[in-house]
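Numbers here are sequence positions counted from 1. This one's a predicted model, so the numbers in the text were calculated from it and none came from an experiment.
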Amino acid sequence: MEEMTVSQVSRSVGISTRMLRYYEKVGLIKSSRQEGYSYRVYDENAVSRIKQILILRKLRIPVRQIEVILDNTNAVAAIDIFRQNMEELDEEITALSTIRDILNHFVEELSRTTELPLEDIMPKDDAVLAAIESLGIISINFKEEQSGEKLKKADEQLSKINDVRILYLPPAAVAVSHYVGDEPELHANSLLDSFVKENDLGKRKPDLRRYGFNHPNPVDETGYHGYESWVTIPDDMEVPAPLEKKQFCGGLYAAHMISFGDFNEWDAFLAWIMKNEQYEFAGDLEDQEHMCGLMEEHLNYYSHIGQPETDMEHLQLDLLIPIKEKERQTP
């Protein structure tokens, strides 16, 4: 197999170029640069390893544990990790089974009469209440352990967008860092982080927010593109070059939270807004230069400043889509 560029691997295995760069930063995969060719490429072994990583991620194995599994020739380490994750799944299975039993109980009770209020059921059954309260300490994110096509279908089912929030982002002055080239997110974010720390911006603007988007989007097979990072600043604050100061006009957005790396949910999120009956997309699908108006917000940004880039597994982002209410049809 010929060596593949970042974008070629991205399309081949269905993973974002950003995640490839992240996996490389944390040491899970390695790339190389051909002589006279400025872009990174992956050989057959690297692509095979990426596929293994994706299988393990679909089985909800954390990145740190994946590194141990792939870099350890002794099967004992993998067995211990799989057993640990199976124990966590057992807890989730128990939780889901409890929920199912409770819902079945409600169905049986409510089926006796169509006029029985739900509130009449729960106070009379202490066992049911106790079971419900016990669920609060259990994480419900279970996915049935399967393989092949069934695993893919289960993963697609879990990826459905069902937690969208509608929010208004207020207008604000922003300091802007923009970089076009190899690893633009790293360069743009590092420059902005330095500005935030040097100016103690967390104290000067405790409600600061951090946004980012591709600028421009990848335009060819190399994946060469740019990234623009924003942080909100006081209106009267000046910013040093090469940063720029801009005015964010704010507006209405649909927001969907993801863990770092789940950028594949952009497609499902866009499909959600395109089918929505109340709201419609307010960006510009032709504006690839500015990612069509889409943005990502770094949640709880200030607490992550100064942490190593490899410590991103628990980072949370909001995917943001500009929207507007649909005009109501008059009868």
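In this structure, K246 pairs ionically with E228, as a charged nitrogen and a carboxylate oxygen lie closer than 4.0 Å. Salt bridge status for R210 with E297: absent, with no side-chain N to carboxylate O gap under 4.0 Å. We find that D207 and K205 are joined by a salt bridge, their nearest charged nitrogen and carboxylate oxygen being less than 4.0 Å apart.
Proximity of E280 to E325: side-chain heavy atoms (C-beta onward) are nowhere separated by under 4.5 Å. Between L270 and I321 the shortest side-chain heavy-atom distance falls below 4.5 Å. The closest side-chain heavy-atom distance from L20 to I29 is below 4.5 Å. Looking at heavy atoms from C-beta onward, R204 lies in side-chain contact with M237 at the 4.5 angstrom threshold. No side-chain heavy atom of K51 sits under 4.5 Å from any side-chain heavy atom of I55. Contact check for H215 versus S229: no side-chain heavy atoms found under the 4.5 Å cut-off. Residues E185 and N214 meet the side-chain proximity criterion, which asks for heavy atoms closer than 4.5 Å.
For NZ of K326, the number of neighbouring non-hydrogen atoms (other residues, nucleotides, ligands) closer than 6.0 Å is greater than 12. Environment of CZ in R100: sparse, with no more than 12 heavy atoms of neighbouring residues, nucleotides or ligands closer than 6.0 Å. Under a cut-off of 6.0 angstrom, the local environment of NZ in K245 is crowded, with over 12 non-hydrogen atoms contributed by other residues, nucleotides or ligands.
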Next on the checklist: What verdict does the side chain to side chain contact (heavy atoms under 4.5 Å, CB included) test give for Y179 and L191, after you've listed the backbone C-alpha separation in whole Å, the side-chain angles of each residue and the deciding distance to 0.1 Å?
Outcome noted: CA-CA 10 Å; Y179 185 88; L191 185 60; over 6 Å; no

Item to check | Residue pair L319, L294: steps toward the side chain to side chain contact (heavy atoms under 4.5 Å, CB included) verdict | outcome: CA-CA 8 Å; L319 306 183; L294 309 178; over 6 Å; no

Checklist entry - Where do F248 and Y211 land on the ring-ring contact (aromatic ring centres under 6.0 Å, His included) test, with the steps shown first? => result CA-CA 10 Å; F248 172 45; Y211 305 107; 5.5 Å; yes

Item to check | Evaluation steps, side chain to side chain contact (heavy atoms under 4.5 Å, CB included), between S32 and E3 | outcome: CA-CA 9 Å; S32 60; E3 292 180 323; 3.9 Å; yes

Checklist entry - When you look at V164 and F269, which way does the side chain to side chain contact (heavy atoms under 4.5 Å, CB included) test go after all the steps? => result CA-CA 8 Å; V164 176; F269 190 20; 3.7 Å; yes

Item to check | Step-by-step side chain to side chain donor-acceptor pair (under 3.5 Å) determination, D318 to H256 | outcome: CA-CA 5 Å; D318 259 350; H256 168 58; over 6 Å; no

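When each of V176, V174, L201, L243 is tested with V231 by the rule side-chain contact (heavy atoms from CB on, under 4.5 Å), just one qualifies, namely L201.
Distance alone, capped at 3.5 Å, places no donor-acceptor pair between the S48 side chain and the E44 backbone. One N or O on the side chain of S194 and one on the backbone of S190 form a donor-acceptor pair closer than 3.5 Å. Checking side-chain atoms of S97 against main-chain N and O of I93 turns up no donor-acceptor pair under 3.5 Å.
Across all their heavy atoms, A175 and L192 have their closest contact at O-CD1, 3.7 Å. Taking both residues in full, the closest heavy atoms of Y227 and P184 are given as N-CB, 3.6 Å, listed atom of the first, atom of the second, then distance. Here the shortest heavy-atom pairing between A172 and T232 reads CB-CG2, 3.8 Å. P322 and G293 get closest at one heavy-atom pair: CD-O, 3.3 Å. Here the closest non-hydrogen pair linking R209 and P170 is NH1-CD, 3.9 Å. Across every non-hydrogen atom of M4 and S12, the tightest pair is CE-CB, 3.7 Å.
Distance CD1/I273 to CZ/F281: 9.0 Å, rounded to 0.5 Å. Rounded to the nearest 0.5 Å, atoms CD1 (I99) and CG (N104) are 13.5 Å apart. Rounding to the nearest 0.5 Å places CE of M257 at 7.0 Å from CG of D163. How far CG of L28 is from CZ of R57: 9.5 Å, rounded to the nearest 0.5 Å. With rounding to the nearest 0.5 Å, the separation of CG in N276 from CH2 in W272 is 4.0 Å. From Q278, atom CD reaches atom CD1 of I323 across 8.5 Å, with rounding to the nearest 0.5 Å.
Counted by atom type alone, R21 and Y23 present zero donor-acceptor pairs between their side chains at under 3.5 Å. In summary, the side chains of E24 and S31 do present a donor paired with an acceptor at a separation below 3.5 Å, with no hydrogens or angles considered.
Taking the six-membered ring for Trp and thresholds of 30 and 60 degrees, W230 and F213 have ring planes more than 60 degrees apart, a perpendicular arrangement.
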Which donor-acceptor pairs under 3.5 Å do side chains of residues 65-83 form with protein atoms, sequence neighbours excluded?
residue	atom	partner	partner atom	Å
Q65	OE1	N85	ND2	3.0
D71	OD1	R49	NH1	3.4
D71	OD1	R49	NH2	2.7
N72	OD1	N74	N	2.9
N74	OD1	V76	N	2.9

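Residues satisfying the side-chain hydrogen bond (donor to acceptor under 3.5 Å, both in side chains) test with D236, not counting sequence neighbours, are none.
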